[in-house]
Structures are given as C-alpha cells and as structure tokens.
2 protein chains.
Amino acid sequence: MVQNKSTADAILDAAQRLIQTRGYNAFSYRDIAQALGIRSASIHYHFPTKTDLGARLAARYRRLFRAELDAIVEGEPDAVERLLKFADLFQQTFEVESRLCLCGMLSAEIATLPEGVAAEVEGFFRDTEAWLVAVLEEGRKAKRFSFSGPAKEQARLLLALLEGAMVVARGLRDRAHFRSMAGNYIAQMKPQTARAAR
Amino acid sequence: MVQNKSTADAILDAAQRLIQTRGYNAFSYRDIAQALGIRSASIHYHFPTKTDLGARLAARYRRLFRAELDAIVEGEPDAVERLLKFADLFQQTFEVESRLCLCGMLSAEIATLPEGVAAEVEGFFRDTEAWLVAVLEEGRKAKRFSFSGPAKEQARLLLALLEGAMVVARGLRDRAHFRSMAGNYIAQMKPQTARAAR
DNA sequence: GTCTATAAGATGATAGAC
DNA sequence: GTCTATCATCTTATAGAC
C-alpha cells in the first residue's frame with residue numbers, strides 16, 4: 001500500500017532542503033509553512049520545538065545515508081568502485097541547487113545547535129568514517145589500492161575532501177567546480193589502483 | 001606611533017570570532033555589543049548595516065590572508081615547505097576554539113549573504129586558488145613534487161581538503177582530529193616529494 | 001490535524017540627547 | 001562617538017476554536 005507522503009515527512013523534506021541551502025539558523029517554521037502552504041502553528045503539532053525537528057531530521061538523514069552506504073556494499077563488490085559510488089553520493093547532492101551535505105552544514109553551525117541535533121551530526125560522521133574504514137581496509141587487503149598509515153586517517157581525509165569540495169565550490173559559485181573536483185579525485189585514485197594492480 | 005585598536009577594529013574582531021564559531025546568521029549586533037561592553041546602537045555608527053559589517057569584515061580577512069600568503073612566499077623558497085606553511089594557517093585557525101576559516105563558514109551560508117559579502121568570499125577563494133596554482137606550478141617545475149593534470153585542479157583539491165577537514169573535525173567534536181588530518185596530508189606529500197627527488 | 005489569535009523575546013535599524 | 005528610547009518585523013511557541 002503506497003501511502004501518500006505524510007505531513008510530517010513533507011515538513012522534514014522542506015526543512016532538509018532549507019538547511020542544506022541556507023543553514024539551520026537561517027530557516028524558520030514560517031519558511032516551511034510557506035513551502036507547504038500551511039500555517040506555522042501546524043508544524044508545531046508535528047514537531048513541538050525546533051530542537052525536535054532538527055534532531056529528528058538529522059537522525060533521518062543519518063539513517064537514510066547509512067542505508068545508501070549499505071546498498072553500495074550490497075550491490076558492488078569492488079572496493080574502488082565502492083569509493084567512487086561514495087563520492088557520487090556527494091556529487092549528486094551538490095548537483096541540486098548546490099546543496100551541501102546536511103550534516104556538513106550542521107557541522108559548521110554545531111556550536112549553535114541543541115545537543116540532541118549535534119549528537120546526530122557526530123553520529124553521522126562516525127558512521128560514515130567507520131564505513132569508509134571498512135571499505136579501505138578490505139580494498140587494501142584485496143590489493144585494489146595501497147595507502148600508508150591507518151585506514152582511519154585515509155577515511156577522514158576522503159570525507160574531508162568531499163565535504164570541503166562542496167563548501168569551496170559554493171564559495172567560488174561555480175557549479176561545475178565540484179564535478180571536476182570529484183573527477184580529479186577519482187583520477188588520482190585510479191592510477192594508484194592501476195599501479196597496485198600492475 | 002602605535003595607536004590603540006580603534007572601536008571599528010574591535011567590532012570587526014568580535015564579529016569575526018562570532019562568525020567563525022557560530023556563523024553569519026547566528027550572531028547579532030547585540031552579541032558584539034556585549035563582547036565589547038558597549039551598546040548595539042554604537043555599532044551602527046561604525047557599520048550602519050550588517051551588510052556593511054559583513055562586507056568590510058570579509059574584505060579585511062581576504063586582504064590579511066593574502067598578506068600571509070605573500071609572507072610565506074617571501075620567507076620560504078621551497079615549494080613543499082610553502083604548502084606545509086599554507087596548511088599550518090588553517091590548522092592554527094582551528095586550534096583556537098575550533099574556529100573555521102571565516103570564508104569557509106560564509107561559503108556554507110552563501111545563499112543567505114548580501115551580494116557584497118558573497119563577492120568578497122568568492123574573491124578569497126579565487127585569490128587563494130591562484131596562489132596555490134603558482135606554488136604548485138613552480139614546485140612541479142623545480143621537481144619538488146609531481147602531480148597529474150592541471151595545477152588548478154590540484155589547488156582546488158588541496159583547498160577543499162583543508163576547508164573540509166575543519167568542518168569534519170567540528171562534526172566529530174574532536175579537536176585533535178584536524179591536527180592528525182593535516183599531519184596525514186603532510187605525510188602523503190612528503191613521500192611524493194621523496195619519490196620525485198629520488 | 002489545521003486553523004486564528006496571541007504572546008514574549010530577539011533582531012536590524014533610526015532619532016535625537018549628551 | 002556613545003548613549004537612551006523606540007520602531008517594525010521576525011521568531012519560536014502556546015491556547016483554544018473548528
């Protein structure tokens with residue numbers, strides 16, 4: 001039974017878009033209300049406080065992102081391809097309205113967030129880092145690529161690169177910027193793979 | 001004649017700190033006033049609107065950062081060392097209160113910024129990118145390191161990595177995180193250098 | 001569930017005294 | 001230059017009708 005999207009989901013969708021484009025401190029219940037054609041008081045019925053909304057949104061984002069990572073592992077056996085698909089997730093996000101990663105934006109604003117929201121942001125980065133560590137270690141074991149030092153360091157480097165690429169591309173106001181950067185990162189990985197495979 | 005810091009400068013300092021830690025949309029004239037022990041109306045005398053304040057702050061940051069880059073070139077002839085000192089600038093910023101690069105934070109919020117502020121942010125990234133391109137090309141010519149593709153791509157990658165490292169370190173709420181990441185980046189450059197020098 | 005009405009506080013900004 | 005006083009507006013949030 002395909003249910004119509006609930007109002008609560010529509011609110012989360014609108015809030016996510018607003019935060020990805022403008023930030024947590026630059027959107028209001030009014031903005032969401034206008035986007036959905038309802039009144040801001042109605043939103044309080046579904047999410048009593050902005051803290052509730054933020055925490056549930058971050059938790060949903062974290063959960064759905066984790067599911068996408070699981071889907072990559074399930075559908076793709078090769079470690080290099082897994083990393084490329086990982087990078088694609090960020091690129092696809094940025095393609096639409098130059099949106100940032102929700103948790104990347106919230107992370108920049110973390111000093112202003114209620115603890116319940118900040119905790120989910122931290123969880124998102126820990127989840128993602130752990131997933132990358134697993135992919136990197138498996139890929140190294142399978143000789144699909146080589147890198148020095150702990151996989152954790154490499155994972156953080158990769159994550160920082162993708163989050164940062166979105167920010168820099170925004171600052172330069174150059175939509176194509178991220179595309180070329182992701183492409184370049186890919187290019188820098190492939191030779192490494194080729195080298196290791198030779 | 002060493003003049004005491006003017007009120008205008010003190011306002012810019014306070015505003016910069018607030019934006020680096022909280023963001024443009026999370027600070028008010030009142031916050032600055034409280035930090036300086038004055039009234040918010042006094043700030044309007046120096047900066048009539050928040051747009052004025054933001055634009056002049058971003059312009060000052062851009063100018064001072066450019067000066068730091070010039071100082072690196074002047075004081076350090078080696079391209080690899082120049083890049084390491086460049087990375088140090090970001091690390092030093094983050095060391096204090098996990099502050100982000102001012103323009104990194106503004107870049108995330110760029111959709112909400114007045115055009116005068118956004119233009120300075122864009123200028124900051126263009127300046128920095130151009131400086132990196134020059135250092136990278138000179139270093140490649142001098143055989144201090146090697147990389148494939150245009151220097152511009154490499155410059156953007158490096159800039160994205162450092163900006164992103166700050167964001168990710170914030171999200172993980174791990175102050176030591178950035179230190180290790182910058183260290184890892186440095187480690188990944190050195191072998192490359194050693195390889196090229198062999 | 002959604003609405004109207006309303007509250008209390010914050011915000012950017014201005015007028016005018018000192 | 002800095003102050004007090006004041007503003008219109010926005011923001012999160014609640015009460016209560018429908």
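All values derive from a computational prediction rather than experimental measurement. Protein chains get the first letters and strands the later ones, always in sequence-line order, with residue 1 at the start of each.
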Original post:
So if you build clusters from Ile, Leu, Val, Met, Phe, Trp, Tyr with side-chain heavy-atom gaps below 4.5 Å, do Val133(B) and Leu162(B) land together?
Top reply: no
Original post:
Where do Glu163(A) and Val168(B) come nearest, in terms of heavy atoms and distance?
Top reply: CG-CG2, 4.0 Å
Subject >> Co-membership, hydrophobic cluster, residues Leu84(A) and Leu136(A), 4.5 Å side-chain >> reply: yes
Original post:
Per the side-chain contact (heavy atoms from CB on, under 4.5 Å) rule, which among Ile72(A), Leu83(A), Leu158(A) passes with Val135(A)?
Top reply: Leu83(A)
Subject >> Smallest separation among heavy atoms of Arg170(A) and Arg99(A), with atom names >> reply: NH2-CA, 4.4 Å
**OP:** Would you kindly check if the NZ (Lys) or CZ (Arg) of Arg140(A) is within the cone defined by 45 degrees around the ring axis of Phe147(A) and under 6.0 Å from the six-membered ring centre?
**Re:** yes
Subject >> Range on DNA chain D touched by chain A - first to last nucleotide, heavy-atom distance under 4.0 Å >> reply: dC10(D) to dT14(D)
Original post:
For the residue pair Met105(A) and Leu100(A), what are the closest heavy atoms and their distance?
Top reply: CE-CD1, 3.9 Å
**OP:** Summarise protein proximity over nucleotides 6-13 of chain C in one line of letters, 5' to 3': B for base, S for sugar-phosphate only, - for none, counting protein heavy atoms closer than 4.0 Å.
**Re:** ----SSSB
